[in-house]
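Both backbone and side-chain heavy atoms feed into the values below; hydrogens, waters and symmetry mates do not. Chain letters run A, B, ... following the sequence lines, proteins first, then strands; residues in each count from 1. Nothing here was measured: the structure is a model prediction, and the numbers come from that model.
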There are 2 protein chains.
Amino acid sequence: MATGRTHRPATRSRGIPEATVARLPLYLRALTALSERSVPTVSSEELAAAAGVNSAKLRKDFSYLGSYGTRGVGYDVEYLVYQISRELGLTQDWPVVIVGIGNLGAALANYGGFASRGFRVAALIDADPAMAGKPVAGIPVQHTDELEKIIQDEGVSIGVIATPAGAAQQVCERLVAAGVTSILNFAPTVLSVPDGVDVRKVDLSIELQILAFHEQRKAGELAAAGTVVPAVAARQESAAVRRGTAVGQESVADQGPDGDVPAVMPT
Amino acid sequence: MATGRTHRPATRSRGIPEATVARLPLYLRALTALSERSVPTVSSEELAAAAGVNSAKLRKDFSYLGSYGTRGVGYDVEYLVYQISRELGLTQDWPVVIVGIGNLGAALANYGGFASRGFRVAALIDADPAMAGKPVAGIPVQHTDELEKIIQDEGVSIGVIATPAGAAQQVCERLVAAGVTSILNFAPTVLSVPDGVDVRKVDLSIELQILAFHEQRKAGELAAAGTVVPAVAARQESAAVRRGTAVGQESVADQGPDGDVPAVMPT
DNA sequence: CTATCTTTGTGCACGCGTTCACAAAGACAT
DNA sequence: ATGTCTTTGTGAACGCGTGCACAAAGATAG
């Protein structure tokens, strides 16, 4: 998904592979659901299905955390929930600041995902003086001038950037200077940060472009092999025709040197 | 980043590696910026810096598209913009439907990134009858009953799911049955789809949890090696202390079997 | 206590992606 | 026309991640 990953050195942190870390939240979600249904134990096969991964992969992932399963039985749900939460650092409180309270920033502030799992919205920050004091999701928006003070007072180490692309790098630098060491970036820009600071990027435009690539490929392929097509392909073909696209050859509608600019701008 | 990636078979599509496809939008963005500044050519070194990647990787990526560079000079910006756009299928129109117009769905509808690059919001769909007809981002919201008709009439092949987790799988099935073959999923659920359908997932909660993992690791490491710490680490340490966290050993505040549920819920 | 059956944990091999390092290609100057 | 200098394009080595397949572990039944 989206957005993908990012440009972290990906130095295997404490022996746990980066790919495994990225899947732990997935397992945790599936396990939490089981926990609510009071399921006591679960096999790697069942849990893998619920998380949408291969069971061998899941077992190998868990092996990095230690041996928490019982052969012939499976894994203890509650225990595993606790171990993964601890490994991810979710047993402690993580204050988070959101910078840039436009459409996206407001949506994030209202997002239930922040409240759960130990993440707490410590502050909402926007550069527009007119926004100051206005409550969003029950939290009053504060002006950018307060940024440094808030971060230090609340001990914030995680920042979310939801500003326009043009402001992102500057905001990033102020966050880092004030003590933030992890950033979730929604602005469509490459952020440069000093060593020791983690950046993860979420970019809707990029996700859509990747999907478009695969769509185009699907359309082209099935036109080339006009043979026995599955139902999905058949529908896709008719859709392409409806769209007025020459299936199998790119619609080289020379739209000129595509003049649209900063691609995407949250807010 | 967030966005993470997803669970696609990742079968190298037409010879272009999946990892390369994921970077093409990045290059395109950097190139578009250069194009606006009327820069005629750019070297792999410069462009790589702008896109935040290694120059060797960039050259190899471009080599999959063909040989569009000139040795001793670099790449022609305009030409490359065109070639990448074409490769990604951005020279054609992609109608998109957004299902679930809550906070997040509304933010997506307003998102500039949809409008640019050939993506057009063909319809906004919500299950709440009270929403029907209400304009969001200038587009009237339509009821879920219309979903199939809209998709077929407009020839939509890309759908965006921004519903609560509980509704996502059902919405997904309806989208696929109506002809959608690419889905961008914001709901915190594993979607199961038939072969031939691409799913990409964006999960804010997962991104935050991955950041938390690295934060915790950083805090633990620097406590272990109380030696010469860079400025960033020093700030992090004091932040951890401020937060009341025992640096170097997990705060085993047994919060019980963490009762919070569906982790995250957009809307 | 022994046998059987289930399920974990992992050794091994394979493939993709990244990076290095350099030869080939072409621009540009003389 | 020849030489120099820059930058591309890619062969080759390496490392991470994935998946297979199976031995070891333990539960359970007899």
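Of the residues near DNA chain D, B/Gly69 and A/Val73, the one whose nearest nucleotide (by heavy atom distance) lies more toward the 5' end is B/Gly69. If A/Arg59 and B/Lys60 are placed on DNA chain D by their nearest nucleotide, the residue sitting closer to the 5' end is B/Lys60.
When distances are taken from the side chain of A/Ala19 to each of D/dG17, C/dA21, C/dA27, the shortest belongs to D/dG17. In this structure, the nucleotide among C/dC20, D/dT8, D/dA27 sitting nearest to the side chain of B/Ser43 is D/dT8. You'll find that the side chain of A/Ser63 is closest to C/dT10, out of C/dT10, C/dT18, D/dT8.
Residues A/Ser63 and A/Lys60 approach most closely at OG-O, 2.6 Å, considering heavy atoms. Residues B/Ala48 and B/Ser55 come closest through the heavy atom pair CB-CA, 3.5 Å. Residues A/Trp94 and A/Ser157 approach most closely at CZ3-OG, 3.6 Å, considering heavy atoms.
Between A/Asn54 and the phosphate of D/dC20, there is a side-chain N or O to OP1/OP2 separation shorter than 4.0 Å. Applying the 4.0 Å criterion to OP1 and OP2 of C/dC28, one finds that B/Arg71 has every side-chain N and O outside that range. For B/Tyr75 and D/dG9, the shortest distance from a side-chain N or O to OP1 or OP2 is below 4.0 Å. Side-chain N/O atoms of B/Ser44 include one lying less than 4.0 angstrom from OP1 or OP2 on D/dT8.
With B/Tyr68 as reference, B/Tyr79 is the one residue of B/Tyr75, B/Phe62, B/Tyr79 to meet the ring-ring contact (aromatic ring centres under 6.0 Å, His included) rule.
We find that OH of A/Tyr79 is positioned 16 Å from C1' of C/dT8, with the value rounded to whole Å. One can place CG of A/Asp61 at 13 Å from C1' of D/dC16, the figure rounded to the nearest angstrom. In this structure, CG of A/Leu58 is placed 14 Å from P of C/dT10, rounded to the nearest angstrom. As rounded to whole Å, 13 Å separates atom P of D/dA27 from atom CG of A/Asp76. In this structure, B/Lys57 atom NZ and C/dA21 atom P are separated by 17 Å, rounded to whole Å. Across the protein-nucleic acid pair, A/Leu24 atom CG and D/dG17 atom P stand 13 Å apart, rounded to whole Å. Here the C1' atom of nucleotide C/dG9 and the CG atom of A/Leu65 are 13 Å apart, to the nearest Å. Counting to the nearest Å, the C1' atom of D/dG9 and the OH atom of B/Tyr64 are 12 Å from each other.
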message = Walk me through whether A/Glu78 and A/Tyr82 qualify under side-chain hydrogen bond (donor to acceptor under 3.5 Å, both in side chains).
response = CA-CA 6 Å; A/Glu78 295 299 331; A/Tyr82 171 70; over 6 Å; no
task = List the steps, then state whether side-chain hydrogen bond (donor to acceptor under 3.5 Å, both in side chains) holds for B/Gln83 with B/Glu87.
result = CA-CA 6 Å; B/Gln83 289 299 342; B/Glu87 196 66 51; over 6 Å; no
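Paired regions of DNA chain D, where each region holds three or more successive Watson-Crick or G-U pairs whose two hydrogen-bonding distances fall under 3.5 Å, are C:1-30 with D:1-30.
For the atom pair CD (A/Gln209) and CG (B/Leu28), the distance works out to 6.0 Å, reported to the nearest 0.5 Å.
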